[in-house]
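Scroll down for the structure; my scribbles are underneath it.
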Amino acid sequence: MKITINQAPQYTGQEVTIGCWLLQKRGSGKLQFLQLRDGTGFMQGVVVKANDEDLFATAKGLHQETSMYVTGTIKEDERSSFGYEMEVSNIEIIQAAEGYPITPKEHGPEFLLDNRHLWLRSRKQHAVMNIRNQIIKSTHDFYFNNGFKKIDSPILTSSSPEGTTELFHTKYFDEDAYLSQSGQLYAEAAAMAHGKVFTFGPTFRAEKSKTRRHLIEFWMIEPEMAFYNHEDSLVVQEQYVEYLAKNVLENCKLDLEALGRDTTALEKIKAPFPRISYTEAIDLLHEKGFDDIEWGDDFGSPHETEIANSFDKPVFIVNYPKAIKSFYMSTNPEDPRTVLCADLIAPEGYGEIIGGSERISDYDELKERIVESGLNLDAYEWYLDLRKYGSVPHSGFGLGLERAVAWFSGVQHVRETAPFPRLLNRLYP
Ligand code: 4AD
Ligand code: MG
């Protein structure tokens, strides 16, 4: 019977076969312990010399990442983190690997990234991808269960919602095109057709910043809701993030354990989240001794981290100055220097996880902002049409998938949260 490692509990006491790879091996003159992995899990295989000398010799000669079919009897074992192990009775080698570059010793990040196609197999990287997968699944569950429809926005676009400095240009036959920075503008059009929608796709930013939070290509989840004001949108955001945290905690226990993630921080992610204004955040920073920042400046990571450290939950910073935010954000009627927007800042230094806002719904105001921002009106004619034919108040936001994965996994750098990260100066593999 061919099974997968995660099915082992159902086969206790039975002889089964698993297709797997050798992660690591240790042993003595009498026993060989094979750490096996098959993608669904990890399990130890035990080979006893006294039972079968030939088999023992085969096991002893195996190198890291050799692929094989291993047959044996499943036993419960308290000591293994998985709870089960296999008493091996046969090994059929599929391909004998030799000289696998990623050995159990420490390697530097550049070496590991050069070998990303192999590094993905390691216990920790496997755990991070499992958490990413859980967030992807929970995102679909959350929005579908709450009446949203998924709308796919184009990747080749003629617009630049998040500013013109970080665009990837390409030719679109005779026209100029950009790789999408955000699906938002298209999500707004779709919200006018379907009410509540979300996009979930790759987005691109030619950011020259080499930080642990920036990728050149990242995936973004962008809900957009007709008839929702800014506060209504904040409620969706906190419920969504709480839902993600709850599901990662419930379904990724072994992964969080493999990563050594302190889960007490994740258990605190419960709505509602505190809200402070940009102006209050500036005052708070001044109190904490940050004299370099003035009203009107954007926050850098040290500022965001300091603000986050004043709360034990993620915190919304609302109403940023208009001048440092995108053109489509509604003016705050209580202080027209600011806009109806929020950034959700994660604890523990993970920084901005979500950016969102209420959108300008007035035609003339939006047109003026497009012109003021130096954008080409022709490319936004369709977007302005949304304010001409049944314009309604609407709001939305974008969550960066990789930043959320880094936060929940507790890994320090977003480069470990994408299967094949695109970084400044890295397009390989
Ligand atoms: O704040 P941003 O730029 O907002 C937008 O793109 C809006 N159009 C979203 C919307 O309202 N529909 O990006 C949103 C989120 C950030 O909070 C961050 O989590 C992530 O996307 N993000 C990045 N993640 C990794 N690498 C980068 N270079 C990122 N830039 C933004
Ligand atoms: Mg932002």
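All heavy atoms count here, side chains included; hydrogens, waters and symmetry mates do not. Everything quoted here is computed from the prediction, not taken from an experiment.
Checked for salt-bridge contact, E65 and K25 miss the test: no charged N lies under 4.0 Å from a carboxylate O. A salt bridge does not link K288 with D283: every distance from a Lys NZ or Arg NE/NH1/NH2 to an Asp or Glu carboxylate oxygen is 4.0 Å or more. Electrostatic pairing of E162 and R205 does not count as a salt bridge here, judged by no charged N lying under 4.0 Å from a carboxylate O. Looking at E242 and K313, no side-chain N of the basic residue comes within less than 4.0 Å of a carboxylate O on the acidic one, giving no salt bridge. Between E416 and R212, none of the side-chain N atoms (NZ, or NE/NH1/NH2) sits under 4.0 Å from a carboxylate O, so this pair counts as no salt bridge. A salt bridge links R426 with D114: the closest approach of a Lys/Arg side-chain nitrogen to an acidic carboxylate oxygen falls below 4.0 angstrom. Using a cutoff of 4.0 Å between basic side-chain nitrogens and carboxylate oxygens, E231 and R275 are scored as salt-bridged. A salt bridge does not link K75 with E85: none of the charged nitrogens is closer than 4.0 Å to a carboxylate oxygen. Using a cutoff of 4.0 Å between basic side-chain nitrogens and carboxylate oxygens, E402 and R132 are scored as salt-bridged.
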Q: Report the C-alpha separation of Q44 and Y84 in whole Å, then their side-chain angles, then the decisive distance to 0.1 Å, and conclude whether the side chain to side chain contact (heavy atoms under 4.5 Å, CB included) test is met.
A: CA-CA 8 Å; Q44 177 161 279; Y84 294 86; over 6 Å; no
Q) For S182 and E222, what are the C-alpha separation, side-chain angles and deciding distance, and is it a side-chain hydrogen bond (donor to acceptor under 3.5 Å, both in side chains)? A) CA-CA 8 Å; S182 156; E222 294 183 274; 2.7 Å; yes
Q | side-chain hydrogen bond (donor to acceptor under 3.5 Å, both in side chains) between K325 and S357, worked out | A | CA-CA 10 Å; K325 286 292 180 189; S357 68; over 6 Å; no
Q: Evaluate the side-chain hydrogen bond (donor to acceptor under 3.5 Å, both in side chains) criterion for residues H107 and T103: first the C-alpha distance (whole Å), next the side-chain angles of each, then the deciding distance (0.1 Å), finally the verdict.
A: CA-CA 8 Å; H107 297 285; T103 57; 3.3 Å; yes
**Q.** Derivation of the salt bridge (charged side-chain N to carboxylate O under 4.0 Å, His left out) call for E110 and R415
**A.** CA-CA 11 Å; E110 289 307 315; R415 67 186 169 214; 5.3 Å; no
Q: Under the ring pair (Phe, Tyr, Trp, His ring centres under 6.0 Å) rule, what do Y178 and H169 come out as? Steps first, then yes or no, please.
A: CA-CA 5 Å; Y178 314 114; H169 290 250; 5.0 Å; yes
(Q) Does F408 form a ring pair (Phe, Tyr, Trp, His ring centres under 6.0 Å) with Y350? I'd like the steps, not just the answer. (A) CA-CA 10 Å; F408 292 146; Y350 285 97; 9.3 Å; no
Q: Take E358 and H394 through the test side-chain hydrogen bond (donor to acceptor under 3.5 Å, both in side chains) and record every step on the way to the result.
A: CA-CA 6 Å; E358 185 165 331; H394 62 289; over 6 Å; no
Q) Going through the distances and angles, do I221 and I136 end up as a side chain to side chain contact (heavy atoms under 4.5 Å, CB included)? A) CA-CA 9 Å; I221 294 122; I136 292 170; over 6 Å; no
Q: Determine, stepwise, if the pair L340 / M329 fulfils side chain to side chain contact (heavy atoms under 4.5 Å, CB included).
A: CA-CA 7 Å; L340 295 177; M329 297 186 177; over 6 Å; no
Q) Which is it for W407 and I353 under the side chain to side chain contact (heavy atoms under 4.5 Å, CB included) test, yes or no, and what are the steps along the way? A) CA-CA 9 Å; W407 171 27; I353 294 293; 3.9 Å; yes
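With rounding to the nearest 0.5 angstrom, the CD atom of Q125 is 11.5 Å from the CG atom of N130. Here the CG-OG1 distance, from L55 to T71, works out to 10.0 Å after rounding to the nearest 0.5 Å. Atom CG of L386 is separated from atom CE of M192 by 6.5 Å, given to the nearest 0.5 angstrom. A distance of 11.0 Å separates CD of Q237 from CD of Q239, quoted to the nearest 0.5 Å. Atoms CE and CD, on M43 and Q35 in that order, are 11.5 Å from each other to the nearest 0.5 Å. To the nearest 0.5 Å, atoms CZ (F142) and CG (L244) are separated by 8.0 Å.
Listed here is the closest heavy atom pair of Y228 and S395: O-OG, 2.8 Å. The heavy-atom pair separating A226 from V392 by the smallest distance is CB-CG2, 4.1 Å.
Aromatic ring centroids of F397 and F198 lie 6.0 Å or more apart.
Contact check for T66 versus W21: no side-chain heavy atoms found under the 4.5 Å cut-off. Residues I5 and F42 are not in side-chain contact: their nearest non-hydrogen atoms beyond the backbone lie 4.5 Å or more apart. Counting heavy atoms from C-beta on, the side chains of E92 and M68 never come closer than 4.5 Å. L120 has its side chain out of reach of H126: every pair of non-hydrogen atoms, C-beta onward, lies at least 4.5 Å apart. For the pair L113 and W119, the minimum side-chain heavy-atom distance is below 4.5 Å. I354 has its side chain out of reach of F316: every pair of non-hydrogen atoms, C-beta onward, lies at least 4.5 Å apart. Contact of the K196 side chain with the P223 side chain is not registered, since no non-hydrogen atoms from C-beta on lie closer than 4.5 Å. Annotation: side chain of L23 is not in contact with side chain of R121 (no heavy-atom distance under 4.5 Å).
Crowding of F227 atom CZ: a count of heavy atoms from other residues, nucleotides or ligands under 6.0 Å not exceeding 12. Counting non-hydrogen atoms of other residues, nucleotides and ligands closer than 6.0 Å to CD of E334 gives a total of 12 or fewer.
Relative ring orientation between Y143 and F148 is described as perpendicular, the plane-to-plane angle rising above 60° on a 0-90° scale split at 30° and 60°. In this pair, Y320 and Y278 present their aromatic rings tilted. The plane angle is within the 30 to 60° band. Relative ring orientation between W382 and Y186 is described as parallel, the plane-to-plane angle staying below 30° on a 0-90° scale split at 30° and 60°. Ring geometry for W219 against F200 counts as perpendicular: the plane angle is over 60°, on a 0 to 90° scale with 30° as the lower cut.
Screening D298, I317, D297, L285 for a side-chain contact (heavy atoms from CB on, under 4.5 Å) involving H303 leaves a single residue, L285. When K150, K149, E224 are each tested for a side chain to side chain donor-acceptor pair (under 3.5 Å) with H194, only one passes: K149.
Geometric assessment of R26 against the ring of F33 yields a positive cation-pi assignment under the 6.0 Å and 45° thresholds. The side-chain tip of R387 points at the ring of Y383 from less than 6.0 angstrom away and within 45° of straight on.
For the residue pair T4 / Q7, a side-chain donor-acceptor distance below 3.5 Å is found, with atom types taken as modelled. Looking at S89 and E15, their side chains do bring a donor and an acceptor atom within 3.5 Å of each other.
For K2, the salt bridge (Lys or Arg N to Asp or Glu O under 4.0 Å) criterion is met by no residue, not counting sequence neighbours.
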